[in-house]
Amino acid sequence: MLVSVALVATALVAVGLALVGRSTETLPVADGAGPAPAPSAGGTPERQTLRDLMPPGVRIGTAADGRGLSLDPAYRALLGTEFNAMTAENAMKWRSLEPLPGVHAWAGADQLVEFAQQHGQAVYGHTLVWHSDVPKWVSPDWPAERVRAVLQEHVTTVVSRYRGRVWAWDVVNEVLDEDGRLRDTIWLRKLGPGYVADAFRWAHAADPAARLFINDYGVEGRTRKADALLRLVRDLRRAGVPVDGVGFQSHLRWDQSPRDLVGNLRRFAQLGVSVAITELDVRVALPASPQKLEQQAVLYRRVLRACLAVPACVSFTVWGFTDARSWIPGYHRGYGAACLFDSGLAPKPAHNALMDELRRQASRGGVVPGPD
Ligand code: 9MR
């Protein structure tokens, strides 16, 4: 019975999306995964999951953590059933992949890619060029040519290794500072602003089929930084640089909603790129209370609605799904409880809100009108 409900809901979503004009591109999963499981395959007979209800053409992803995957069967089970996409939270960062020059440590990233293959999940690669997590052996004292050579080698090696198994890459991450200027990094200092375009060209050469994203935070609403990102993407596209998409990280606070999420996503889409919610979490000031978790749920729902309202939005990814393994308490003192599941892996109001939103949209045959 529940299976047929899920199938009907899925069909209704398909109709709804046809009405709003979303392209229903086939979702490639990691190579070798075989056909993606049937819509209800992720859920137990008793419980539908996000993955069961997500409309075709939009992936539901999460950042994944290698430790959780190796050590915690309950974590593995939820990861495999709730999501049809995953991003390596840390395992594909340069410092993780190449601890010594030319010496690669692929095991952590490979483990995630294999898990994704086994569970019909697409892999979102994160991240090739970033100012953080650069291996210590890369020296700012090197001449520019040497810096350029190791960066190109890194991008080419990593993208080539996962060619056909990673559907999209964050090629450059957080290249803008808070004022919207190119961030002062080793890459900008040594290579000049052209490093951004070069990184996309190197990645494209290594895997012409991968979707190539620029990813940043603080750009979800109409901010000055978002204006600057829009100009940067427009200029790159005009110059023929293979930028396919823009990632909106969306590390939000429970009491602050970005301004005009839908309008902001739309203006990027008008440049001809895909857009994606890439790292959503909504932290609350501790201690959490039922009221704060309800407000948090409103924000999760609002971001999902914004993505579903914009046909160019191809994925909706949360930055970890359980409070037990979130980065927030370690980085934002006094905050936590940012995820869809609590530390005992029980669904929180935010998870219920996403499920409810997906069901409502399916039953109404498309995007529900109203404020974002
Ligand atoms: O969640 C990640 C945390 O475990 C790492 O210690 C940290 C540094 O590598 O990166 C965190 O993830 C970041 C992501 O890679 C880029 N956008 C911001 C994320 C949160 O800081």
Side-chain angles (χ1 to χ4, degrees), residues 61-72 75 79 83 85-99 105 108-109 111-112 123-138 154-155 158 162 166 168-178 183 185-187 196 199 203 212-221 223 225-226 229 245-254 256 258 275-284 300 303 315-341 343:
T62 180
D65 169 74
R67 288 236 315 251
L69 204 63
S70 321
L71 304 176
D72 184 349
Y75 179 98
L79 176 62
F83 304 96
M86 74 145 75
T87 305
E89 182 165 355
N90 292 306
M92 290 186 177
K93 292 172 181 171
W94 191 357
R95 190 181 289 179
S96 306
L97 288 180
E98 196 176 356
Q111 178 199 22
L112 292 175
V123 177
Y124 189 101
H126 173 84
T127 176
L128 297 168
V129 180
W130 192 21
H131 59 277
S132 175
D133 290 47
V134 178
K136 293 246 189 305
W137 54 263
V138 176
H154 163 63
V155 170
V158 175
Y162 294 110
V166 164
W169 277 103
D170 280 334
V171 176
V172 295
N173 190 38
E174 302 171 2
V175 294
L176 295 180
D177 66 19
E178 311 313 314
R183 185 186 292 274
T185 64
I186 178 177
W187 316 124
V196 175
L212 304 182
F213 277 70
I214 182 168
N215 190 46
D216 218 320
Y217 65 86
V219 293
E220 298 77 23
T223 58
K225 187 171 175 182
L229 181 61
V246 179
F248 299 82
Q249 293 188 6
S250 312
H251 294 292
L252 306 180
R253 265 172 59 157
W254 95 107
Q256 290 177 358
V275 296
I277 305 301
T278 50
E279 305 185 13
L280 175 62
D281 51 22
V282 181
R283 60 187 181 273
V284 305
Y300 266 99
V303 178
S315 69
F316 176 89
T317 294
V318 294
W319 204 241
F321 57 90
T322 161
D323 292 341
R325 295 184 178 278
S326 164
W327 69 291
I328 292 290
Y331 283 75
H332 291 277
R333 187 189 279 263
Y335 288 85
C339 300
L340 296 175
F341 291 84
S343 16

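Counting convention: from 1, in listed order, for ligands and their atoms alike. The basis for the numbers below is simple: all heavy atoms, side chains too, and nothing from hydrogens, waters or symmetry mates.
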Rounded distance (nearest 0.5 Å) linking atom CZ of R183 with atom CG of L176: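 Answer for the CZ-CG pair, R183 versus L176, is 8.0 Å.
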
Point-to-point distance, once rounded to the nearest 0.5 Å, from NE2 of H154 to CH2 of W94: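 Rounded to the nearest 0.5 Å, the NE2-CH2 separation comes to 5.5 Å.
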
Neighbour list for ligand 1 [protein residues, heavy atom under 4.0 Å]: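 If the criterion is a heavy atom under 4.0 Å, then ligand 1 touches E89, N90, K93, H126, W130, D133, N173, E174, Q249, H251, E279, W319, W327, Y331.
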
pair W187-V129: side-chain heavy atoms closer than 4.5 Å: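 Side chain of W187 against side chain of V129, heavy atoms only: contact under 4.5 Å found.
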
Parallel, tilted or perpendicular, as decided by the 30° and 60° cut-offs, for the rings of H126 and W130: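 Plane angle between 30° and 60°, so tilted.
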
Heavy-atom pair with the smallest gap, counting every atom of G125 and M92: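 Closest heavy-atom pair between G125 and M92: CA-SD, 4.0 Å.
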
Salt bridge (Lys or Arg N to Asp or Glu O under 4.0 Å): pairs with one or both residues in residues 324-333, sequence neighbours excluded: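 Passing the test, one end in residues 324-333: D65-R325.
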
